[in-house]
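My structure is below; once you've seen it, I'll send some questions.
Both ligands and their constituent atoms are indexed starting at 1 by order of listing. Just so it is clear, the model here is predicted, and its values are computed rather than measured.
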Amino acid sequence: MKFDVPATTNPIDQLKVVGKSPDRIDGKLKTTGTAPYAYERHDVAPNQAYGYLLGSAIAKGTVTRIDVDKAKAAPGVVTIVSTLDVPKLPLGMRNIAQLFGGAEVMHYHQAIALVVAETFEQARSAASLIRVEYSRAPGKFDLAAEAPSAPLTGPAAPGGGDASRINRVGDFDGAFAAAAVKLDAQYTTPDQSHMMMEPHASIAAWEGDKLTVWTSNQMINWAKQDLAKTLGLPPENVRIISPYIGGGFGGKLFLRADVVAAALGAKAAKRPVKVALPRPMIPNNTTHRPATIQRIRIGADADGRITAIAHESTSGNLPQGRPETAPSQTKLLYAGANRLTALRLAVLDLPEGNAMRAPGEAPGLMALEIAMDEMAEKLGLDPIEFRVRNDTQVDPEKPERPFSQRQLIECLRQGAERFGWSQRNPKPAQTRDGDWLVGIGVAAGFRNNVLMKSAARVRLGKDGGVTVETDMTDIGTGSYTIIAQTAAEVMGVPLEKVTVSLGDSSFPTSSGSGGQWGANNSTAGVYAACMKLREMIAQKLGLDPANLEFADGAVRAGERRVSLAEAAGEAGLSAEDGIEYGELGKKYQQSTFAGHFVEVAVHSFTGETRIRRMLAVCAAGRILNPKTARSQVIGAMTMGAGAALTEELAVDKRQGFFVNHDLAGYEVPVHADIPHQEVIFLDEADPISSPMKAKGVGELGICGVGAAIANAIHHATGVRVRDYPITVDKVLNGLPELV
Ligand code: MOS
């Protein structure tokens, strides 16, 4: 189904099932431990052996020798595959660091050997007996040291040189110089780790030259293509199965070493092999969110209208890596005739930097939305009023492109009303509660809605039940449930009559889960397949397709009513289709918006910050299931609290690795750390986005939260911290004198 004109009224608009809040249909499996993770799939292949990965002890250089003799003789060892046994494997399309093979070491904890044994303990114990010799090369590990010489990134115009890599609209320099009120400030965000609950894990089994992998991955088709490329197999020989996933947060978008090592190990062992990454290996073996150094300049006239805005960001990555695109929202969020954005990328020899929890906007808004607070303060304007004054209903870089919908002002206004913003004393450090200083802060949330084609197969069974198959993943987001709701709505059956099977590359290719694009696109694909199934039913029964009603498990045309069970017949019916998008994504800017509000208390002796209340008011198209959407948003808000207050990978700048590599040293907040979280969804249905009229919502929940917390801390204490995370040491010195 091609989607190239705005949606009109369609079966989803009935909202009998979609838009309601049924519990997750996989909830019982999840809460009874019967939705197994990849590592627990004891049932899928007999005689599984355990693989344990050894990581490189140097950050850069070569492996000159691996002595496995002692390890091979250890009890239970089946085989050992070392990186020197395997040629350098080609990189998947979306990998930048070598996953396995060859002598070159690109980062600390790069996988260099796999021990396969009868038990996990035997494999781990034997791995400690491997002796490795390296030739160490000097590396670069300090972003701040490399930043001043980091080159601009992005495609240069032919003959344009470096200057053309700076994205300019109007005359930023002139307008900034002439501005009545201006800010020029630097903000920094640290390296961060996904720290999803389920570690990366895979079981690989070969049958001849056909490979099946049970794994934990957000993007089944990417994994299939990339694994095929890495191992030199035709893609049709690779099957990826990942039906239940314990979180991904971007860390499972791409093929990782557990998959490749399990496949190589299974080949060598001639039996299925399972590999899980122990938690302490994840920060350095897999990917992370790269640290940023951001400079923001804003100029405004005396009335608080932005005349000049610039956002530049520097991050680091391995050669061929990409930058953290922190200025991306600044291109779209506020008006202003004169604009500049730029990205610089330093080559670092730290592990691979890649997508994590709303890449780009999450760290970008952490800077921009403090800058907006600082500007409001300089202007003597209320921070909400300052944002409202600079709203835009069109893409400020290309004014001929309107937003499909944009209710940022409404998000801020409703949030202000609900949160009690009018009680706020504009002067910082004025509110005390015992030994605590109390403050509230606001920030805008922004994240784009991404369109991706997505397909599904839908079967109607002889019992009138509907089965949906698509390689879509549920990473804890509720995909199973919203897909079932979609099929139930379109086919006119109760939710209980829908069975959803996900996460198998033998099913039609979906959008997968990432970039908050999963919900809208995958359900739109299911919608397309269901509409095709409706046509097949009409055709089979000889009914006029224009005049059909699917409801209560039957199809009705005028006087004629046929149950779906009867329509299906003994053999059943099956339809496959998908959604593909035309030009609407280019003609309109499709984005989602939020107003984030936070109340904090900062201890007046210790500088410790406690979050007391959080509120997000979101405008994100039709909300397919308010319960699962709310869970997404409060989870993301909690991650925003981590980004603001605790989460930081400490870099060992001499040896080149992340030091705090477990949940004791890398602190992730949980919901219980925040006593009160509320989410409001504005009533919205966006006919430009898809037949579902939905947009992404999950990542919107984290975008802006960090700055709202920083702004609340400033309001509580008068201390402005521009360097995340906002730990006690950064707050303590600025705390007001105690009387
Ligand atoms: Mo998201 S960081 O694109 O899984």
Side-chain angles (χ1 to χ4, degrees), residues 92-96 189 191-200 215-223 226 242 244-256 282-283 286-292 315 317 321-326 328-329 351-366 445-452 454 471-479 502-503 510-522 590-592 620 628-629 631-633 635-640 642-643 647 649 668 695-706:
M93 295 170 277
R94 292 163 188 88
N95 291 116
I96 57 171
T189 62
D191 296 288
Q192 295 176 347
S193 183
H194 306 82
M195 288 295 171
M196 71 298 277
M197 182 169 61
E198 182 202 13
H200 302 72
T215 188
S216 187
N217 189 285
Q218 299 172 225
M219 300 292 294
I220 300 300
N221 190 47
W222 290 2
D226 283 353
S242 182
Y244 299 108
I245 298 165
F249 311 154
K252 294 174 182 168
L253 285 166
F254 312 105
L255 189 68
R256 298 306 320 164
I282 294 177
T286 72
T287 64
H288 67 282
R289 188 206 296 283
T292 65
S315 56
N317 215 332
R322 276 173 298 186
E324 180 74 33
T325 55
S328 55
Q329 72 290 316
E352 175 176 346
N354 219 315
M356 174 177 143
R357 306 184 193 162
E361 280 96 325
L365 283 160
M366 285 167 75
F446 175 95
R447 181 81 170 151
N448 283 325
N449 181 55
V450 176
L451 301 176
M452 303 258 283
S454 191
D471 82 356
M472 180 60 188
T473 47
D474 190 325
I475 57 177
T477 38
S479 308
L502 300 182
S510 73
S511 63
S513 299
Q516 77 168 15
W517 65 62
N520 178 49
N521 294 296
S522 70
Q590 299 189 21
S591 305
T592 64
T628 56
S631 293
Q632 284 293 288
V633 175
M637 289 155 77
T638 308
M639 294 180 195
E647 292 187 51
L649 286 169
V668 180
K695 289 191 278 205
V697 71
E699 294 182 336
L700 178 63
I702 190 176
C703 291
V705 172

Could I get the full list of ring pair (Phe, Tyr, Trp, His ring centres under 6.0 Å) partners for W222, not counting sequence neighbours?
F254
Please tabulate, line by line, the atom pairs linking an N/O of ligand 1 to a protein N/O at a distance below 3.5 Å, with the distance in Å to 0.1, or answer 'none'.
residue	atom	partner	partner atom	Å
ligand 1	3 (O)	G515	N	2.6
ligand 1	4 (O)	Q218	NE2	2.8
ligand 1	4 (O)	G250	N	3.1

Can you tell whether the side chains of R357 and E647 come within less than 4.0 Å, N to carboxylate O?
yes
Test of understanding: with salt bridge (charged side-chain N to carboxylate O under 4.0 Å, His left out), list the residues that count as partners of R447, not counting sequence neighbours.
E361, E699
What pair of heavy atoms forms the shortest contact from N449 to N520, and how long is it?
ND2-ND2, 4.1 Å
Which residues satisfy the ring pair (Phe, Tyr, Trp, His ring centres under 6.0 Å) test with H200, sequence neighbours excluded?
none
Is a salt bridge present between R256 and E352, judged by a nitrogen-to-oxygen distance below 4.0 Å?
yes
